[in-house]
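Down below is the structure, laid out as structure tokens.
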Number of protein chains: 2
Amino acid sequence: MPHLLLKDLPRYECLLESAKEFPDLDPSACEAFLHLLRSADEGARVVQGPLAQHNISQGRFGVLMLLLKRCGRNASTLGPAELADAAGVSRATMTGLIDTLERDGLVTREPDTVDRRMMIVCLTPKGHELLQAILPDHFKRMAWLMSPLSEDERQTLLRLLNKIQRQADSSPEASPAPAALAVS
Amino acid sequence: MPHLLLKDLPRYECLLESAKEFPDLDPSACEAFLHLLRSADEGARVVQGPLAQHNISQGRFGVLMLLLKRCGRNASTLGPAELADAAGVSRATMTGLIDTLERDGLVTREPDTVDRRMMIVCLTPKGHELLQAILPDHFKRMAWLMSPLSEDERQTLLRLLNKIQRQADSSPEASPAPAALAVS
DNA sequence: TGTTTGTGGTTAGCTCCCTAACCATCCCAA
DNA sequence: TTGGGATGGTTAGGGAGCTAACCACAAACA
């Protein structure tokens, strides 16, 4: 699950040392990158880890949250494909997620009478109750994790992260190396 | 693999809206947290994703890098247990990783003659060559990803991430909710 | 010296995600 | 109206991580 497996991050001096052997290594970029991954790993562990106590994995949580949000505007019915797209998992994975969620009585899956290819997934009262029970603590953990940062610092962090994110988004598909790579 | 499955992050207005229903939801904390996870996901995708082209998964990469580092100071021999600890995976996982790395001829595994419980894992010349071949591009991608940030901004980012990390580290085991939770 | 405890490595079986392939249904256009 | 694509959902199989249990060996202690 974590993105960064290393237990101890290399110290800056070590990076400088390694940069002699690998001229392409940008020590400060490397350091920032590793700390970014490490922070996200730790944050996810602290915030999302406890969900496992309720037998809620990351994927399950995502589905339930999407269903909760759509619950309000009940106009739009949503099926596995739409859910998969919104949640960022494959349709096959979504089938499996819904299977177990249905088995646990948290969602229902009914065939759509209009388009007979489609299924309609809905949150059950039990699913709704579960969310109401776990969300407050979930949000508390999030707030707790970020509590060392002032509002200004959060804004700054957001600005810097957005720069990284935009840069990452400009990389086509992750498979082809960034085109600008040779240029820089 | 990603920490955050949602495709589209909720907008700030939506968070404010949800905060009415969930008083524990701190919108700016939530926003910062989600962007942190998203940035790390995207960064990992861009930087580490291309390693898959060389049939190098995250875990395999970690093992190879650890062996490369220790290659210099050949004094310390290291076995699966030590590797597992340093790489942050279970011993069982490390057994599997070494299995396939050995099968691919990238590492060797020999029994320790002194302590007959132990095995000694070493990088082969082929493994060393592979790293030399893929590391320059790896470092280039890292530098490219962080290139939108100035040195000052990298320092700032590091400072903010460290605050989050220290806070996360002060949470016992991820399973018990932070003790300070009720206090705040 | 013999027993107990601890440590290293492996195996077995699980979860959660993926891709590839498959059918059923819909839609569009010849 | 009928034949081809799209699109939706599922199944099958695989990869990478985990825990629990196991055996072999080492170390410590009565």
Side-chain angles (χ1 to χ4, degrees), chain A residues 1-7 41 44-45 48-49 51-63 77-104 107-121 173-175, chain B residues 1-7 41 44-45 48-49 51-52 55-63 77-104 107-121 173-175:
Chain A
M1 180 190 188
H3 283 138
L4 185 62
L5 296 169
L6 288 178
K7 184 179 161 196
D41 282 348
R45 184 179 60 80
Q48 303 179 341
L51 293 178
Q53 290 176 336
H54 304 276
N55 198 23
I56 296 295
S57 72
Q58 211 181 114
R60 288 167 68 105
F61 185 69
V63 177
T77 68
L78 66 180
E82 215 171 339
L83 277 171
D85 184 56
V89 300
S90 67
R91 283 179 303 159
T93 298
M94 188 52 65
T95 295
L97 285 173
I98 296 173
D99 278 348
T100 66
L101 286 171
E102 191 180 21
R103 178 186 38 114
D104 295 349
V107 308
T108 57
R109 174 162 42 183
E110 295 170 8
D112 187 334
T113 52
V114 183
D115 187 337
R116 288 188 315 197
R117 292 171 302 181
M118 303 249 286
M119 302 292 279
I120 299 178
V121 182
E173 283 308 314
S175 354
Chain B
M1 180 197 201
H3 282 137
L4 183 62
L5 296 170
L6 288 178
K7 183 179 161 196
D41 282 347
R45 184 180 60 80
Q48 302 178 341
L51 293 178
N55 197 21
I56 296 296
S57 72
Q58 209 181 117
R60 289 167 68 107
F61 186 70
V63 177
T77 70
L78 66 180
E82 215 171 338
L83 276 172
D85 183 55
V89 300
S90 67
R91 284 179 302 159
T93 297
M94 188 52 66
T95 295
L97 284 173
I98 296 173
D99 278 347
T100 67
L101 286 171
E102 190 179 21
R103 182 193 35 137
D104 294 348
V107 308
T108 58
R109 172 162 43 183
E110 294 170 9
D112 187 336
T113 52
V114 183
D115 187 338
R116 289 189 313 194
R117 292 172 300 180
M118 303 251 285
M119 302 291 279
I120 299 179
V121 182
E173 284 306 315
S175 355

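- Remark: P of C/dC16 and CZ of A/F61 are 15 Å apart, rounded to the nearest angstrom.
- Residues meeting the side chain to side chain donor-acceptor pair (under 3.5 Å) test with B/D99, sequence neighbours left out: B/R109.
- When the side chain to side chain donor-acceptor pair (under 3.5 Å) test is applied to B/D115, the partners found at least two apart in sequence or on another chain are B/R117.
- The distance from the CG atom of B/L97 to the CD atom of B/Q58 is 10.5 Å, given to the nearest 0.5 Å.
- B/I98 places a side-chain heavy atom less than 4.5 Å from the side chain of B/L83.
- Not counting sequence neighbours, the partners of A/D104 by the salt bridge (Lys or Arg N to Asp or Glu O under 4.0 Å) test are A/R60.
- Residues passing the side-chain contact (heavy atoms from CB on, under 4.5 Å) test with B/A84 are B/V89, B/R91, B/M94, sequence neighbours excluded.
- If you measure from atom CD of A/E102 to atom C1' of D/dG9, you get 13 Å, rounded to the nearest angstrom.
- D/dC23 atom C1' lies 14 Å from atom CZ of B/R116, rounded to whole Å.
- The separation between A/D112 atom CG and C/dC26 atom C1' is 12 Å, rounded to whole Å.
- Between B/Q48 atom CD and D/dG15 atom P there is a gap of 20 Å when expressed in whole angstrom units.
- Here B/V114 lies in heavy-atom contact (under 4.0 Å) with sugar-phosphate atoms only.
- DNA chain C forms stems at C:1-30 with D:1-30, each a run of 3 or more consecutive Watson-Crick or G-U wobble pairs whose two key distances fall under 3.5 Å.
- With sequence neighbours left out, B/E110 forms a side chain to side chain donor-acceptor pair (under 3.5 Å) with no residue at all.
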If a protein heavy atom is under 4.0 Å from the base, mark B; if only from the sugar-phosphate, S; if neither, -; do that for nucleotides 8-15 of chain C going 5' to 3'.
BBBB----
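- In this structure, A/T113 and A/N55 both approach DNA chain C, and ranking their closest nucleotides by distance from the 5' end singles out A/N55.
- By the side chain to side chain donor-acceptor pair (under 3.5 Å) test, B/T93 pairs with B/S90, sequence neighbours left out.
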